[in-house]
Amino acid sequence: GPTLDRVTKTGTMVQVMDQSYPPFSFLNDKNEMDGFDAEVAKEVAKRLGVTLKIETPAWEVITAGNWKGRWDICICSMTPSKQRGEVLDFVTIYYNTPGALVVSADDKTTTSMKDLNGKKVGAQSGTPYEEYLNKAMHPEDGSVVKYPFEAVTVTPFASEDLAFQDLALGGGKRLDGIVGNLITIQPRITQTPDKFRVVDANLFADPNAIAVDKGDPEWKAKVASVIDDMRKDGTLSKISMKWIGADIIAK
Amino acid sequence: MSFKGKVFLVWMLLAACFAAFVASFDLKLSLIAEKLPFLLGLHLTPNGFIQGLPLTLFLCLAAMVFSTILGFLAALGRLSGNPLAYGLATFYTSFFRGTPLLVQLMLIYLGLPQLGPVPGAVPAGIIALSLCYGAYISEIFRAGIQAVPNGQREAAAALGLPRWLVMYKVILPQALKLIVPPLGAQFISMLKDSSLVSMVGLWEIMFLAQSYGRSSYRYMEMLLTAAVLYWLLSIVFEAIQARIEARFPQGRH
Amino acid sequence: MSFKGKVFLVWMLLAACFAAFVASFDLKLSLIAEKLPFLLGLHLTPNGFIQGLPLTLFLCLAAMVFSTILGFLAALGRLSGNPLAYGLATFYTSFFRGTPLLVQLMLIYLGLPQLGPVPGAVPAGIIALSLCYGAYISEIFRAGIQAVPNGQREAAAALGLPRWLVMYKVILPQALKLIVPPLGAQFISMLKDSSLVSMVGLWEIMFLAQSYGRSSYRYMEMLLTAAVLYWLLSIVFEAIQARIEARFPQGRH
Amino acid sequence: MSTAPLAADKPEMLRLEGVHKHFGSHHVLRNVSLSVRQGDKVVLCGPSGSGKSTLIRCINRLVSHDQGRVLVEGIEVSDHARDLELIRRDVGMVFQQFNLFPHLTILENCTLAPTWARKMGKKDAEALALSLLERVHIPDQAHKYPPQLSGGQQQRAAIARALCMKPKVMLFDEPTSALDPEMVKEVLDVMTELAAEGMTMICVTHEMGFARKVADQVVFMDKGEIVEEAPPEEFFTAPRNERTRQFLCQILSHE
Amino acid sequence: MSTAPLAADKPEMLRLEGVHKHFGSHHVLRNVSLSVRQGDKVVLCGPSGSGKSTLIRCINRLVSHDQGRVLVEGIEVSDHARDLELIRRDVGMVFQQFNLFPHLTILENCTLAPTWARKMGKKDAEALALSLLERVHIPDQAHKYPPQLSGGQQQRAAIARALCMKPKVMLFDEPTSALDPEMVKEVLDVMTELAAEGMTMICVTHEMGFARKVADQVVFMDKGEIVEEAPPEEFFTAPRNERTRQFLCQILSHE
Ligand SMILES: Nc1ncnc2c1ncn2[C@@H]1O[C@H](COP(=O)(O)OP(=O)(O)OP(=O)(O)O)[C@@H](O)[C@H]1O
Ligand SMILES: Nc1ncnc2c1ncn2[C@@H]1O[C@H](COP(=O)(O)OP(=O)(O)OP(=O)(O)O)[C@@H](O)[C@H]1O
Ligand SMILES: [Mg+2]
Ligand SMILES: [Mg+2]
C-alpha cells in the first residue's frame, strides 16, 4: 500500500501524536517529544529499520483522518470507537487504562460517582471520559459499559489543565469532580499535593490503540506484527514499567 | 444588466465554487441537520443556560457596550495632558493590545481568584473581551476625536461652552462618522474572538461545534457549520453598521 | 519633572502593581528560566526546524508580505468599476473577514488536499494568515487610497500620466501615511493570531508555552512568559511603525 | 439732540498691554498694546503671518499669551476656567472657515450656546435665534444643515450664532476671504448693519472698501508688531510707514 | 513688419459643439458651444455653480460630456485611453487648490510628467523645470516641498509644472481665489507674462482687472448656459444681458 511504500522509500516513519499528554507524550527537558508513546514509536521505527520523525498537530487534525501521506502512524493513546473507525484504521490495542474520578482534597463526603448526581463533573472534550459522563460510550468491541450514576452536569474542557485549575479552587466553587485517565492524573496529584483526591480508580477500562490511515492493509499488518513482537518479548511491558510504574499493556 | 446585478452574479458563481469545494469533502449532512438546532441555541444547556448562537451574541453585545465605554475613557486619557491619566491609558492599551486574549482570559479566570473574587465563566469572558477590545477601540476613538477639525473645538469654546459639553455636543457627534466603520470592524473581529471564551467552558458556537466535531469525529462538518453561522452573523453586523452609517449627514463643508 | 518623566513613573508604578499581582500566583521562576531558551528559539527542534520566537516571527513576516500584496489587490478590486473584479474582491473580503481564522486554517490544511496539493504546516499557516489578514488590510488600503484628495488624481491625470503611474507615483505614496498606522495595528494582531497555527503542529511561542505548561503542570508560568514575549514583540513592532511614520513628511497643504 | 458721544467719553471694552506670544522659538506677537472703547470699530490688516489672527485669539484666549496683560471690560483674561467661560460669552467670534457645527441645523447651531451656557429656555432661545437669523437675512434657512447653504449664507449664520449670546464685542477673523466673490457683499452688508447698530467690533479683513466705510481705526501689523494705527482717511491717503505703503500698493493694485 | 495676424487667420485650437452635461438629474451644461483659436485668451466668469469648472474640465475630460462634441486641435476628445493621454499632454491645467503633489519637491513635481509621459531624460527634464521655475520667479524654491511654500509660490509652481509638458493650451480654474490678497498679484503677473508670450489660455477668474487687461474675449455663464460672449471693453461697459449686468454689479460693488 501507499504508506508502506513511502516508509520504505524515504526510510522515515512519521509518527503523529498529541503535543502534551504526560506521561504518554510531552516535551521533555531537551525539548524533544518523549514519554510512553514516543518511546514505543522509537522502538517500532528501530525494528522497521527507519528513522523516526514526530509531528504534533492538534488532536482534531489527527482524528479528522484523511492524512494524505502527511503521517504514517499514530501511536498516540487513541481510544478506538465505531465512529473513529470510519476515518482511521486501528492496528491493535496496545494498552488499557482505567478511568478515574477525582475530587478536591477538601471534599470529604464524596465516595463514588453516585454522590455527584446533578453536580458539575469535568472531562476533556472529545475523550471517552466525556462520553462516559454523557452515558454515550460505544466501545469498538460492543461490550456494555455500566454507569453507576443517574445524571451529572457534564462540563467539558478543551484541556484537562483548566479543569484541574478550576477544581483546585475547592470543591463546588466551579467544579465538583473530574473524570479522566488515572495514569495522566497520577503525576498531576504528585506534583500538586493536598489539592486532589482520587475517589474511584477504576470506573471503566479504556482501551488505547495504534491508528493508521485507511487504505493500506500491508502497512497495518506490518505494524501489527512489530507490536506483537514487542509485546511477546516484553519490550512494551518494560516501557510501561519505565513511564507508568506498572504494566498496563493489553495482552 | 446593472453593475449590482453583475456583481450579484459573480457572487453567486463564487458561492457555487465554494459549495463545490466543500462538497468535495464528502460531508455527512445528516449530522449537520441534527446538530444545527443546538448551534442555533434553540435548546437550553442541561444547566438551563443559553448556548450556541444566542450565547455568542449575548457575550458580544455585553462586551461591545463595556469595550466602547472603556475605549472612550482610554481615548480621553490618551488625549489628556494629565500624566496619570495618560500613563494609565497608554499602559492599559499597550498591555491589552500586546498580549494574546487567551492569556488575558486566563489571568482573569484563574488569576483573579488569587485576589479573592471568583468570577464565573460568563463574567470572566465578558471582562476579558471588553478589556482586550477596549484597548483597540481606544485607538479608534482617539483618531476619530482628533480628526474633528480644530475649528469646531475653537468655535464651541469661543461660545463659552464648558469642555465636557464641547465633547458631548460638538466633537463626539462628528467623530462618530469616522468611528463607526472601524468600530464595526472591531465588533466583527470580536464576534469570532468570542470563541476563545469556550476555553472557560462557555457553550458558544465554536465550543459546541468543536465538541460535536470531536465526539462524532466529523470535525469538518461542524467547523463549516460554525463558519457559516459566523459569516451570517457578520453579514448582519455589517448591514446594521451600514444602516447606522447611512444615518449620518453626508456633507461636510 | 517633565511630562514624559511623569508618565514613565506612572508606567513603572503600574508595572510594579502588575508584577505584584503576578507574584501572588506563587510562580516557579526556575521553570521559566529553564524553558525560556526554548521559547526564545535558541535551539532547533528535534526535526531540525526553527521554533519559538523565530518561528513566530518568520510566519508573521512572510504573512505580512503576502497579506499586504493581497490586501492591495483586493482594494483595487473594490475600487474598480469592473463587476468581476469588484465581485471577487468583495466576496473574498466578506468570507475571510466573516469566518474564524481557525476554520480558514482547517479548510486550507485539511481541505486543499481534497483538490490535490497537500500543503505542509508552514505554507498552510502562512497562506491562512495571509488570506485572513489580506481581507482586513484591503479595507485599510481602500480607505487610504480614497482619502487622497481627488484633486491629486485630477492633477496627475491632467498631466497625461497613465493610470498605473498615477497610482504608483502619486496616490500610493500619499495614501501610505494613512495606511501605515492601521497596518501596524493589524500586524500586531497577526503576531498574536499566529499562535493559532500551532493547530497544524508548528512549534511557535504559544505551542511551546502550552506544551511546557501542561507537562510541568505549571500552566500560568508558561502563559505569562509567552505573554511577556508577545508584549515585547509588539512593543518592538510599534517602535518600528513609529519610525516609519516619522519618515513621512509632516505637512499637507 | 442725541449725537454719538465722543470716543474718549465711552468706557473701555478691551485693553492689551505689552502682549508677547511665542510659538516655540517663533516670536509671533511683539509688545502689542491696543485699547478699544465701547462702540469702536477696529479693522486689523497686514500681510499673511503677521500675527493678526493670533492677536484677536488672545482676546478670548483661544491662544494664551506669554507676557503682558489682556483685559476685557477690566477683567484680566487668564486660565481660570469659570472666568474664561464668562468672558467668552461676552466676546463673539466669527471665523474665516465659518466653523458651523455641520451635524446641527442652523437653528440648533444658534440655540446650543444660549440654552447650555446662558441657561435660556428652549422656546426663548429659538425665538431669539429666529429673530437674529432674520437680522442676517436668512430666516428661511433655519432648518437646513450648514453644508446645504452657500458660503455667504453659512457665514451669516455664523454671525447670527455669535450674536445669540448677546456679546458686547465681536471679533471677525477674515470673515469673507473664504467666500465666492458674489457672496462677499452680502456678508459685508450684514457687518455694516451691525456696525451701524453700535456693536464694538474688531475685524481682520482685506476688504479695504469696508475698512474705509466702517472703521473708526485701521491697525496695520507686520511681523508681530503694530506698525501703524490711524483713522481710515489718514491710513489710506497718507500712510506714514513704508511697510504700510508697500502692503497697500500690493493689495490695491489688481482691483 | 511683423504684426500679430488677425484672430480669424489663426488655426482653431479648441472647439465645443452643443455640449451637454448632467450630474444625475442636474443639468449642468446646456448646449454650450465655443471656439478658441491659437493665441486666444478667453476669460470665463459667472456665478458659483454656473458650470464654469465643468466646462473647462470637459476639455481635458476630467469630466465626460453627455452630448455634443469637444475637439482639441481637431481631434475629438473621447474615452480612448491613448488618445486621451496625448490630448492631456497638450492641454495644461492649473487648479484653484494648486494640487501640487505634497510628497514631492517642487522640482520633482515639475519633472514627473516630462520624464514618464514625454520620456524625457532626467537631466533634460530638470533643466527644463529649472528654466520654467525661473520664468515664474521661484527658481530658489526648487528643492522645497509644497507645504513649505506660500500660496502664491505654490500656484506659480503649479503653473511651471503644467508648462513643463510644453502644452499648447492652458486651462486655469480660479487660480487666485484660494490665495491671500497680497499673493494674488504675483500669480496674475505670471499669467499676464504667459499671455504676452502668446499662449492660448482659457481662464476662469473673477479678477476683472486681469480680464480687462489680458482677455481677447470674456464669456459669461449662468445656469449652464453661455449667456454673453464679448471682447472686454464691450463686456464691461455695455453688457447686453440683464443677468450679466447684475453679476458685474455684485462683484464690482465692494472693490
Ligand atoms: N498654533 C500654532 N503653532 C505654531 N505656529 C503658529 C500657530 N498659529 C500661528 N502660528 C504662526 O504664527 C504666525 C502668525 O500667525 P497668524 O495666524 O496670527 O497670522 P495672520 O496674520 O493671521 O496670517 P493669515 O493672514 O495667514 O491668517 C505665523 O507664522 C504662523 O505660522
Ligand atoms: N462631480 C459632481 N457631481 C455632482 N454634481 C456636480 C459635480 N461637479 C459639479 N457639480 C454640480 O454642477 C454644478 C456646476 O458646478 P461647477 O463646479 O461647474 O460650477 P462653477 O461655475 O465652477 O462654480 P464655482 O464658482 O463654485 O467653482 C454645481 O451645481 C455643482 O454642484
Ligand atoms: Mg489669520
Ligand atoms: Mg468652479
Side-chain angles (χ1 to χ4, degrees), chain A residues 12 14-35 38 42 51-71 87 124 158-166 168 184-193 195-196, chain C residues 25-26 28 31 34-49 51-52 102-103 105-122 124-125 196-204 206-220 222-223:
Chain A
T12 11
V14 185
Q15 141 84 348
V16 61
M17 64 201 299
D18 194 64
Q19 60 159 306
S20 181
Y21 192 57
F24 295 96
S25 67
F26 57 91
L27 272 174
N28 69 10
D29 290 345
K30 289 202 227 104
N31 201 53
E32 287 163 356
M33 290 307 295
D34 207 349
K42 265 181 222 154
T51 38
L52 177 73
K53 204 175 151 199
I54 294 177
E55 294 201 353
T56 53
W59 190 241
E60 291 81 6
V61 175
I62 301 174
T63 54
N66 249 321
W67 289 352
K68 298 282 179 188
R70 280 178 172 135
W71 312 300
V87 289
Q124 192 171 356
S159 87
E160 241 178 25
D161 304 83
L162 214 54
F164 277 93
Q165 302 254 21
D166 274 356
T184 60
I185 288 169
Q186 214 80 63
R188 195 184 294 274
I189 294 182
T190 13
Q191 291 273 338
T192 45
K195 291 270 193 203
F196 311 112
Chain C
F25 298 166
D26 179 26
K28 199 170 150 192
L31 182 72
E34 184 188 321
K35 298 301 185 189
L36 195 58
F38 295 108
L39 285 173
L40 288 175
L42 303 182
H43 309 275
L44 293 182
T45 68
N47 291 347
F49 201 68
Q51 66 175 338
L102 171 67
V103 179
L105 180 63
M106 288 298 112
L107 277 178
I108 288 159
Y109 193 68
L110 299 177
L112 267 195
Q114 310 280 342
L115 303 184
V118 181
V122 173
L196 253 185
V197 300
S198 64
M199 285 282 295
V200 296
L202 289 175
W203 294 20
E204 41 67 67
M206 206 62 167
F207 175 92
L208 292 176
Q210 295 207 329
S211 293
Y212 295 140
R214 285 184 191 153
S215 55
S216 60
Y217 308 102
R218 287 282 185 170
Y219 199 54
M220 260 304 171
M222 285 296 120
L223 269 189

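The sequence lines fix the lettering, A, B, ..., with proteins before strands; numbering per chain opens at 1. Just so we're clear, the structure is a prediction, and the values are computed from it rather than from any experiment.
Taking the six-membered ring where tryptophan is involved, the planes of A:Phe164 and A:Phe196 are perpendicular, since the angle between them exceeds 60° and thus also 30°. The aromatic rings of A:Trp71 and A:Trp67 lie perpendicular to each other, with more than 60° between the two planes, well past the 30° mark.
No side-chain donor-acceptor contact under 3.5 Å links C:Gln51 and C:Thr45.
Using a 4.5 Å cut-off between heavy atoms, A:Thr184 contacts chain C through its backbone alone, with no side-chain atom that close. Contact of A:Glu160 with chain C is not made at all, since no heavy-atom distance falls under 4.5 Å. Heavy atoms of A:Asn28 lying under 4.5 Å from chain C belong exclusively to its backbone. Contact annotation for C:Pro119: both backbone and side-chain heavy atoms come within less than 4.5 Å of a heavy atom of chain A. Contact of A:Glu32 with chain C is made through backbone and side chain together, with heavy-atom distances under 4.5 Å. Of the two parts of A:Arg70, only the side chain, counted from C-beta on, holds a non-hydrogen atom closer than 4.5 Å to a non-hydrogen atom of chain C.
For the set C:Met199, C:Met220, C:Gln210, C:Arg218, the count of heavy-atom pairs under 4.5 angstrom toward chain A peaks at C:Met199. If you tally non-hydrogen atom pairs under 4.5 Å between each of C:Phe38, C:Phe207, C:Tyr109, C:Trp203 and chain A, the highest count goes to C:Tyr109. Per-residue heavy-atom pair counts under 4.5 Å with chain C were compared for A:Asn31, A:Thr56, A:Ile62, A:Asn66, and the maximum is reached by A:Asn31. Heavy-atom pairs under 4.5 Å with chain C peak, among A:Pro23, A:Gly35, A:Ala58, at A:Ala58.
Put simply, the side chain of A:Lys42 does not reach to within 4.5 Å of the side chain of A:Gln15, judged on heavy atoms. Residues C:Met106 and A:Val61 are in side-chain contact: their nearest non-hydrogen atoms beyond the backbone lie under 4.5 Å apart.
The environment of A:Lys195 atom NZ is sparse: at most 12 non-hydrogen atoms of other residues, nucleotides or ligands sit within 6.0 angstrom.
Considering all non-hydrogen atoms of both residues, C:Gly125 and C:Leu105 come closest at CA-CD1, 4.0 Å.
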